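All of these numbers come straight from a predicted model, not from anything done at the bench. Residue numbers run from 1 in the order of the sequence given.
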Amino acid sequence: MNDHIPVFPLARLHGRYPLTTRIAGRLLLSLVLLVASSLLIFGGIEALPGDFATTYLGQAATPQAVANIRAELGLDAPAYARYLDWVAGLLHGDFGHSWASGQDIGAQLGSRLSNSLLLAGAAAVIAVPLSIGLGLIAVLYRDRLIDRLINLFSLAAVSLPEFFVAYLLILWLVVKNPVAAFPATVYASMGLGAKLVTIALPVATLVLVVIAHMMRMTRAAIINVMDSAYMETAALKGLSRWRAILRHATPNALAPIINVVALNLAYLIVGVVVVEVVFVYPGMGQYMVDAVTVRDLPVVQACGLVFAAIYILLNMTADILSVLANPRLRHPR
């Protein structure tokens with residue numbers, strides 16, 4: 001009688017190459033999520049009440065005029081056929097044309113996305129190192145006055161929504177003390193320095209919104225590692241608290257820190273809609289809101305899919321970096 005338990009090829013492959021198989025699994029899952037997101041975006045927009053042709057022509061439009069517009073835009077075709085046409089165009093880099101303006105959506109997305117990435121990137125450059133630094137300081141002075149002040153600030157920042165923070169900054173730095181630019185409108189002809197000065201207020205808003213969450217999660221992750229037995233051993237060997245945190249605690253807390261940083265970077269790009277609308281910033285969020293107002297559904301679909309793709313990409317990157325940060329997977333026995 002054979003007592004050996006059969007091992008499937010995938011299980012054997014995972015046992016021999018755990019790092020490679022985990023990364024491949026993350027990539028495959030991201031692709032599946034992107035396809036599912038496209039279905040949800042298209043289906044959700046299809047479920048919206050109303051009709052672009054009626055909105056575009058007005059209430060006095062004749063049924064024949066509405067039918068002509070629908071036929072011209074392909075709205076009289078079945079939903080599954082329109083979805084397949086849309087996906088086929090995306091695979092060829094064609095996002096279609098705006099119903100309202102007739103312009104190529106891909107060209108508009110390029111300029112709008114670059115503006116949103118500039119805004120999110122500037123906020124990330126400030127927020128990520130600042131939040132990790134504050135988290136390390138909070139751990140170093142745990143349960144002391146500095147730690148309590150940092151936690152109080154983070155709780156206040158988390159409690160305030162983006163639009164409220166934005167309006168407070170406008171009130172203080174534009175209305176009462178006119179030292180910042182408003183609205184934050186940038187142009188292609190502007191230099192990088194001029195753009196950074198113009199977007200100072202929306203960048204400050206985004207930094208205040210995301211810094212608290214990253215700081216608190218960094219603090220929690222490092223404190224969790226600090227309670228480990230090997231950290232007590234490091235303290236017994238005479239290693240200073242600061243060196244113990246930097247050399248031992250922080251590297252072992254990288255995985256959760258990477259995840260929370262990636263989630264907040266995804267928020268910086270996907271969640272800029274409110275901030276862009278408040279500051280009249282010509283980014284993806286403002287473009288999407290304008291399209292929703294006139295029921296320009298191809299633009300809404302394209303913006304939604306780009307946001308979903310960026311969110312999935314950043315989460316996939318965080319998962320892969322977390323796997324690479326795990327020494328048991330980098331050096332399997």
Please name the pair of heavy atoms, one in W86 and one in S38, separated by the smallest distance, quoted to 0.1 Å. CZ3-O, 3.7 Å

Would you confirm whether S116, through its side chain, and M284, through its main-chain N or O, come within 3.5 Å as a donor-acceptor pair? yes

Got a second to check how far I105's CD1 is from F95's CZ, nearest 0.5 Å? 9.0 Å

Note: A156 and L160 closest approach over all heavy atoms is O-CG, 3.3 Å

Please confirm whether the backbone N or O of N115 pairs with a side-chain atom of Y281, one donor and one acceptor, at under 3.5 Å? yes

Is there a path from I137 to L155 through hydrophobic residues (I, L, V, M, F, W, Y) whose side chains come within less than 4.5 Å of each other? no

Minimum side-chain heavy-atom gap F163-V277 below 4.5 Å: no

Tell me, with the steps shown, if F279 and V203 meet side chain to side chain contact (heavy atoms under 4.5 Å, CB included). CA-CA 11 Å; F279 289 100; V203 166; over 6 Å; no

Please examine the side chains of I170 and V278, heavy atoms only from C-beta on, and report whether any two atoms are closer than 4.5 Å. yes

In short, L265 meets A124 closest at the heavy-atom pair CD2-CB, 3.3 Å

Between T218 and V261, is there a side-chain heavy-atom distance shorter than 4.5 Å? no

When you group the ILVMFWY residues by side-chain heavy-atom contacts below 4.5 Å and let the links chain together, are F164 and V174 in the same group? yes

Could you check if a side-chain atom of V306 sits within less than 4.5 angstrom of a side-chain atom of I310, using non-hydrogen atoms only? yes

Path from L314 to L29 over hydrophobic side-chain contacts below 4.5 Å: yes

Check the pair S30 / L313 against side chain to side chain contact (heavy atoms under 4.5 Å, CB included), numbers first and verdict last. CA-CA 7 Å; S30 298; L313 176 63; over 6 Å; no

Keeping D104 on the side-chain end and H97 on the backbone end, is there a donor-acceptor pair under 3.5 Å? no

How many angstroms lie between CG in L169 and CG in L208, if you round to the nearest 0.5 Å? 6.0 Å

Give a yes or no on whether a salt bridge exists between R219 and D147, defined as a side-chain N under 4.0 angstrom from a carboxylate O. yes

According to a hydrophobic-cluster definition based on side-chain heavy atoms being under 4.5 Å apart (Ile, Leu, Val, Met, Phe, Trp, Tyr only), do L34 and L39 belong together? yes

G285 and F307 have their tightest heavy-atom pair at N-CZ, 4.1 Å

Minimum heavy-atom distance T205-V165, with the two atoms named: CG2-CG1, 4.0 Å

Is there a donor-acceptor pair closer than 3.5 Å between any side-chain N or O of N177 and the backbone N or O of V179? no

Heavy-atom pair of closest approach, residues I199 and A184: CA-CB, 4.5 Å

To the closest 0.5 Å, what do you measure between CD1 (I211) and CG (L130)? 3.5 Å

Out of V139, I132, L140, which residue meets the side chain to side chain contact (heavy atoms under 4.5 Å, CB included) rule with L136? I132

With hydrophobic residues grouped by side-chain heavy-atom distances under 4.5 Å, do L168 and V280 end up in a single group? no

Judged by atom type as modelled, is there a donor-acceptor pair below 3.5 Å linking the side chain of N315 to the main-chain atoms of Y311? yes

Restricting to ring-ring contact (aromatic ring centres under 6.0 Å, His included), what partner residues turn up for Y83, sequence neighbours left out? F42

For Q286 and R112: C-alpha separation, side-chain torsions, deciding distance, then whether side chain to side chain contact (heavy atoms under 4.5 Å, CB included) applies. CA-CA 9 Å; Q286 182 70 59; R112 296 286 186 147; 4.1 Å; yes

Hey, could you give me the CG/CG distance between N151 and D143, rounded to the nearest 0.5 Å? 9.0 Å

Show your working on side chain to side chain contact (heavy atoms under 4.5 Å, CB included) between T185 and T198 and close with a plain yes or no. CA-CA 7 Å; T185 304; T198 304; 5.7 Å; no

What is the distance from atom CG of L201 to atom CG of L173, rounded to the nearest 0.5 Å? 5.5 Å

From L119 atom CG to L196 atom CG, the distance as rounded to the nearest 0.5 Å: 10.5 Å

Cut-off 3.5 Å, side chains only: do S98 and Q108 have a donor facing an acceptor? no

